[in-house]
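Here the structure comes first, spelled out in structure tokens, and everything after it is commentary.
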Amino acid sequence: MSKVDGKFKFSPISVNFLTEITKIIFAIIMLFIQARRLKVGDKPLLTVSTFMQAARNNVLLAVPAFLYAINNYLKFIMQLYFNPASVKMLSNLKVLVIAVLLKIIMRRRFSTIQWEALALLLIGISVNQLKSLPEGSSTLGLPVAAGAYLYTLFFVTVPALASVYNEKALKSQFDTSIYLQNLFLYGYGAIFNFLGLVITAIIQGPSSFNILEGHSKATMFLICNNAAQGILSSFFFKYADTILKKYSSTIATIFTGVASAVLFGHTLTINFVLGISIVIISMHQYLSNQIKDVVPSSKVEMADVHDHSRVKESACVNVTDSVASEAKHRHGSDERQPLLPV
């Protein structure tokens, strides 16, 4: 809706910068509200020492902030190649890359059915993308297919790495308030986007530094919507996981497709319907086959050793109870319970 004659009259970087500023304001407000609700004995949130220590502990948030700054710009570029529903579907390609990165970086475990569900997701996206590129058009002097697939490659890999790194950074400092972590994340994001504005002004001239140039009610709504999306995503990363966040976006895909058809007259093709159907089946398979963390065998063996030693000690006090305990231990040795809740 913010495009004019198929182009943007504003700087996409300025939208991203204002989005980060909006999120910073929200984080500050929530920090003050959270600080007022602290109980006696809780660690204060708004002291200089707390802020500085949290800043040092969460410095890794600068990495996903930089990657998000690149990705948020790519989102606008993708809108020049694809309609909104197709962009949303393409973004789901990230989930396969995310799964691989989670396995490598965070040692996340997935069941066979979950990997199959992710493969189904990829198939569903591919079905939807058949004949999605406009014919006979070009952008940036490149054939549209080549340019589109090049940006799609970055559009998939960059945010996937950012999301996994963001989840790792947020969870590594789990005791830190999420609003304080968001303040750092969005602060870094605002800095990187501001640097982007400065570089653009150097290349295109000082007149391009006007942050509000070309903005309208549609771009203001876009800023608020993107800010809300970023804030909600942070809760997924810290309290759930990245793949669950990506699967939740498949629900948004359905609404995006319907809204695109209503507002812009885009046709909901049979490819889109089939693709969405496969994606929904994939989501059900993945969520209904969550794999639980298994306690390492060494810990189970240690628990058995402790149990055996306690049986020996009790034998000195009551021989009858010892015999009963050992019999019960032998009977239940094949049904070991995890030492930690899962």
Worksheet item: Just wondering, are more than 12 heavy atoms of other shown residues or ligands nearer than 6.0 Å to CZ in Phe76?
Response: yes
Discussion item. Surrounding CD1 of Ile113 (heavy atoms of other residues, nucleotides or ligands, distance under 6.0 Å), is the total greater than 12?
Written reply: no
Practice prompt. Starting from the C-alpha separation in whole Å, work towards a yes-or-no answer on side-chain contact (heavy atoms from CB on, under 4.5 Å) for Val15 and His215.
Written response: CA-CA 9 Å; Val15 170; His215 286 268; 3.5 Å; yes
How would you list, by chain and number, every residue that makes a ring pair (Phe, Tyr, Trp, His ring centres under 6.0 Å) with [X], sequence neighbours excluded?
X	result
Tyr188	none
Tyr286	Tyr247
Phe221	none

Using only atom types and a distance under 3.5 Å, with no angle test, would you say the side chain of [X] pairs donor to acceptor with the backbone of [Y]?
X	Y	result
Thr219	Leu222	no
Ser233	Gln229	yes
Asn58	Ala54	yes

Worksheet item: Should Leu18 and Ile211 count as side-chain neighbours, where that means a heavy-atom distance under 4.5 Å?
Response: yes
Heavy atoms only: give me the nearest [X]-[Y] pair and the separation to one decimal.
X	Y	answer
Leu287	Leu244	CD2-CD1, 3.6 Å
Lys238	Leu170	CE-O, 4.1 Å
Gln181	Ala169	NE2-O, 3.9 Å
Ala65	Gly189	CB-N, 3.7 Å

Worksheet item: Quick one: hydrophobic cluster around Ile203, which other residues, with the 4.5 Å side-chain cut-off, linked directly or via members?
Response: Ile199
With [X], which residues qualify under side-chain contact (heavy atoms from CB on, under 4.5 Å), at least two apart?
X	result
Ile104	Val100
Phe235	Ile178, Tyr179, Ile231, Tyr239
Ala69	Phe192, Asn193
Ser11	Ile13, Ser14, Leu197

Response to the item:
residues 19-33 vs salt bridge (charged side-chain N to carboxylate O under 4.0 Å, His left out), sequence neighbours excluded, gives Glu20-Lys23
Discussion item. Suppose the criterion is salt bridge (charged side-chain N to carboxylate O under 4.0 Å, His left out): which pairs have a residue in residues 205-234, not counting sequence neighbours?
Written reply: none
Worksheet item: Do Ser234 and Asn182 have side-chain atoms, one donor and one acceptor, less than 3.5 Å apart?
Response: yes
Worksheet entry | Identified side chain to side chain contact (heavy atoms under 4.5 Å, CB included) partner of Glu116 from the options Leu120, Thr112, Leu118 | Thr112
Name every donor-acceptor pair, under 3.5 Å, that has one atom in a side chain of residues 153-167 and the other anywhere in the protein, sequence neighbours excluded.
{"residue": "Thr157", "atom": "OG1", "partner": "Leu153", "partner atom": "O", "Å": "2.9"}
{"residue": "Ser163", "atom": "OG", "partner": "Pro159", "partner atom": "O", "Å": "2.9"}
{"residue": "Glu167", "atom": "OE1", "partner": "Thr242", "partner atom": "N", "Å": "3.0"}
{"residue": "Glu167", "atom": "OE1", "partner": "Thr242", "partner atom": "OG1", "Å": "2.3"}
{"residue": "Glu167", "atom": "OE2", "partner": "Arg108", "partner atom": "NH2", "Å": "2.7"}
{"residue": "Glu167", "atom": "OE2", "partner": "Lys171", "partner atom": "NZ", "Å": "2.8"}

Fill in: Phe110 vs Leu102, side-chain contact (heavy atoms from CB on, under 4.5 Å): CA-CA, chis, key distance, verdict
CA-CA 10 Å; Phe110 302 102; Leu102 283 174; 4.2 Å; yes
Practice prompt. Using the side-chain contact (heavy atoms from CB on, under 4.5 Å) rule, take Leu31 and Gln34 through it: C-alpha gap first, then chi angles, then the decisive distance, then the call.
Written response: CA-CA 5 Å; Leu31 270 176; Gln34 192 176 42; 4.2 Å; yes
Item to complete: Enter the distance from Ile191:CD1 to Phe17:CZ here, rounded to the nearest 0.5 Å.
Response: 10.0 Å
Practice prompt. Tell me, with the steps shown, if Lys103 and Trp115 meet side-chain contact (heavy atoms from CB on, under 4.5 Å).
Written response: CA-CA 12 Å; Lys103 184 174 180 63; Trp115 283 112; 4.0 Å; yes
Worksheet item: Mind checking what makes salt bridge (charged side-chain N to carboxylate O under 4.0 Å, His left out) contact with Lys75, not counting sequence neighbours?
Response: none
Worksheet item: Would you say Leu232 and Ile98 are hydrophobically clustered, going by side-chain heavy atoms of ILVMFWY under 4.5 Å?
Response: no
